[in-house]
Structure formats: C-alpha cells, structure tokens
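So you know, we letter chains A, B, ... as the sequences are listed, proteins then strands, and number each from 1. All values reported here derive from a predicted model rather than from experimental measurement.
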Amino acid sequence: MMRFFHDRPVLAFALRTLAWMPVTFCLWYLLAPWLNQPIAWGVYGVTNLFWPNLLREAVVQGTNLVLLPNLTVPLTDGRLALVPLTFNPLAYTWNLPLVFALLLAVRPWSGLAWKLPVAYAALIPVHVWGILFKFLLQVTVLAHPDISAQIGMSDSAKTIVVLGNQFGYLMLPVISTALLWVAMNRAASI
Amino acid sequence: LSILSRHPPMLRFFLLFLSIQAVLFVLELWQPVREAVIIPFTAGLAALSAWLVGLFDDGVVASGIVLTHVPNNFAVRIEAGCNGVEAMIILIAAILAFPASWKHKVMGLTLGFVAIQALNLARIISLFYIGQWNYAVFEWSHLYLWQALILLDALIFWLVWVRMLPGGGEGKSLFAMPEPAVAAVKVDSGKKSKKSRRRKR
C-alpha cells in the first residue's frame with residue numbers, strides 16, 4: 001500500500017488534501033468570528049481611506065460582517081435612517097481552509113509554523129477586496145438612486161466597481177490560492 | 001521579489017500566468033463573449049445535466065441556464081462561478097505559462113477541460129438534489145465546498161500534467177529546481193535530460 005502511494009505522489013497528495021479538508025473547513029467555520037475580525041478592520045480602514053467617513057462601523061456578528069454606512073434612507077414619516085448591510089465573508093474566505101489543507105498535505109512538513117500564519121495574513125487583502133467591492137456594488141449600483149447619489153460616484157467608477165466585484169468573487173480567491181500554494185512549496189516534494 | 005529575480009523561469013511563469021488570466025477574465029466578462037460563448041456554453045451544461053439526470057429521474061428539464069425539477073418546481077440557475085469557466089481560466093493560464101511543447105499543451109488543455117467539466121457536472125447535479133433535500137447544506141456545499149473541490153481538481157490536474165511531461169517526473173517540484181533543471185522540463189531539453197540520466201548510469 002505504501003509503495004502504491006509512493007509511486008503515485010500526486011494521488012497521495014490529493015488524498016491527503018481531501019483528508020485534511022474536513023478538519024480545516026470545520027475549524028475555519030468555527031473560528032470564523034475571530035478569523036474575520038482583521039477583514040472587518042481592513043474593510044473599515046480602506047473604505048474610509050478612499051471615501052472618508054463613508055463607513056460608520058464594521059462589526060463581525062457570528063459568521064457575518066455587518067457594515068453600517070453613513071448613508072441615510074428616508075422613512076415614510078419623513079425621518080432619516082441608517083441601514084446596516086450584512087455580508088457573508090465566508091463566500092470569499094473559503095480558500096483559506098483549502099490553502100491550509102494543501103499546505104498540510106505536503107510531505108515532509110516543513111516551515112508550517114510560519115507558512116500557515118503567513119498564508120492567513122496574505123489572504124486577508126484578497127478577502128478585504130472581495131467584501132469591499134461587494135459593499136461598493138451594493139451602495140453605488142444596486143441601491144436606490146437617492147442612496148447612491150450620496151456617494152457621488154461617476155458611471156465609469158461604477159463600472160470599475162462592477163468589474164472589481166466580479167474579479168474579487170470569481171477570480172481572486174482562485175488565483176490567490178494557486179499562487180500562494182505554488183510560492184510556498186517551491187522547495188517541497190508533493 | 002528577490003526570490004523571483006534569482007529564478008527567471010519562475011518569474012516568467014508567474015508573469016505569464018497572471019497576464020493570461022487577466023486577458024481571459026476580461027474576455028469572459030466582455031458582453032459579446034458572454035453572449036456568444038459563456039451563456040450558450042452554460043446552457044449546454046444545463047442541458048447535459050438534465051440529460052444525465054434524465055437517465056434515472058424523468059422529472060427534470062433544462063431551459064436555458066435553468067435546471068428545473070418539475071414535480072416540486074425546484075429550480076437552480078447556473079450562474080458565473082458555477083460553470084467551471086474560472087477554474088478553466090486558471091488551468092489554461094497555468095498550462096500555457098508552463099514551459100512545454102504545444103502538443104503537450106493542447107493535450108493538457110483538452111484533458112483538463114474534460115477533468116474540470118466532468119467534476120462540474122457532478123457539482124451541478126449534486127447541488128440540484130442537495131437543494132431539494134436541505135437548503136442549509138446546499139448553501140454550504142454551493143458557496144464553500146464545491147468551490148474548493150473544483151479548484152483542487154484544476155490544481156491536481158495541472159500537477160499530473162506537469163509530471164507527465166517528458167522530464168517532468170525528474171524533479172519532484174518544478175519550482176525547487178535550479179534554473180538549468182527547470183529548463184530540463186522543456187520538451188526540447190527533455191531528450192538531453194534522458195541522455196544525462198543514461199550518462200549517470
């Protein structure tokens with residue numbers, strides 16, 4: 001049996017990755033409230049850097065991220081209200097448990113003590129990008145014109161937001177996983 | 001960056017990999033390409049899924065990119081991200097960026113397409129039934145698990161393809177190899193590496 005897998009290292013690597021995935025996915029889901037905290041800080045910081053005071057709060061609630069923009073919505077009685085927007089960061093961070101499973105599946109284990117935290121840190125900007133553009137899409141393109149007008153974004157900027165959102169959801173999680181794993185395993189055998 | 005500068009083939013691979021992906025991604029989002037290629041392809045996937053499911057369940061119909069279970073009116077729409085196109089883009093970029101002959105690249109692209117889309121059909125069909133059974137499990141599988149499995153499929157296929165290249169099995173890791181050894185995985189240089197193996201014997 002050992003010889004069978006020794007002669008088929010890619011198959012053995014794939015099976016080890018699949019074996020690690022239930023473990024890493026469970027931990028990722030259970031630890032999401034803590035793992036997502038830096039993403040909340042990142043989204044808050046980057047948003048207010050480019051659009052000062054646009055975000056009043058970015059709070060992790062369970063596995064969700066709740067953003068409270070400084071955009072007012074008129075109520076029927078004439079008062080103005082702030083509307084919190086809820087996002088699911090897990091839809092962007094699913095590549096974290098996959099990267100961990102891939103790193104744990106490499107033999108021999110080497111440098112995991114720095115590889116795992118570095119991989120986590122390296123993926124944070126990717127996840128911030130995804131949620132930031134989703135938020136911008138919500139408030140500039142999908143929201144009622146009265147709300148999006150408060151940001152005053154041009155049509156070309158809105159097009160960039162749409163593209164950024166597609167890129168952040170469809171491509172970035174995939175590209176970052178592949179690049180990270182390849183870059184971190186240049187010296188390892190599979 | 002210092003690592004990249006010491007390994008020009010690796011730098012070349014990364015730059016080509018990212019450039020090809022960028023071009024293909026923009027093409028994927030370009031409306032004429034979406035209308036002429038992506039949407040018909042996705043509709044084809046829905047039709048193929050309906051045909052496969054029809055082998056054991058005759059209550060399923062496909063209409064455009066929507067797959068419907070007629071008895072309970074449950075339907076799924078195959079959107080961008082669920083048609084395997086993004087995984088294909090990654091694989092195409094990785095294969096085209098890697099030093100190999102065009103013959104091997106075409107073979108890799110063809111087999112890679114089959115490998116990804118076969119698993120993608122399994123994703124669509126499994127999600128179609130999981131959604132009818134339990135929506136929470138459907139969300140979990142759809143948003144997280146299947147995304148990871150399709151990407152893993154592309155990555156594993158690429159590793160298999162690299163190892164099947166002439167000389168590809170010599171190095172256990174492409175990127176661990178010093179520059180001349182990286183060049184040895186090129187098909188042209190593969191003959192040289194065989195000679196050198198003979199010389200060693």
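Contact of the L18(A) side chain with the L149(B) side chain is registered, since non-hydrogen atoms from C-beta on lie closer than 4.5 Å. Residues I156(B) and F13(A) meet the side-chain proximity criterion, which asks for heavy atoms closer than 4.5 Å. In this structure, the side chains of F17(B) and L179(A) come closer than 4.5 Å at one or more pairs of heavy atoms.
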* To do: Take L155(B) and T17(A) through the test side chain to side chain contact (heavy atoms under 4.5 Å, CB included) and record every step on the way to the result.
  => CA-CA 11 Å; L155(B) 186 63; T17(A) 307; over 6 Å; no

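Other residues, nucleotides and ligands place no more than 12 heavy atoms under 6.0 Å from the CG atom of N53(A). When the shell of 6.0 Å around CZ of F56(B) is examined, it contains more than 12 heavy atoms from other residues, nucleotides or ligands.
Considering CD of Q147(B) and OH of Y169(A), their distance stands at 5.5 Å, rounded to 0.5 Å. With values rounded to the nearest 0.5 angstrom, I90(B) atom CD1 is found 4.5 Å from M171(A) atom CE. Taking CZ from F167(A) and CD from E86(B), the interatomic distance works out to 11.5 Å, rounded to the nearest 0.5 Å. For the atom pair CG of L102(A) and CG of L152(B), the computed distance is 6.0 Å after rounding to the nearest 0.5 Å.
With a 4.5 angstrom heavy-atom cutoff, I89(B) touches chain A only via side-chain atoms. In this structure, chain B has a heavy atom under 4.5 Å from the side chain of Y29(A), while its backbone stays farther away. Using a 4.5 Å cut-off between heavy atoms, Y144(B) contacts chain A through both its backbone and its side chain.
Highest contact tally toward chain B, considering only I175(A), L163(A), L11(A), V162(A), is held by I175(A) [criterion: heavy-atom pairs under 4.5 Å].
Within residues 125-153 of chain A, no residue has any heavy atom less than 4.5 Å from a heavy atom of chain B. Using a 4.5 Å heavy-atom cut-off against chain B, the contacting residues of residues 73-98 of chain A are N88(A), L90(A), A91(A), W94(A), L98(A).
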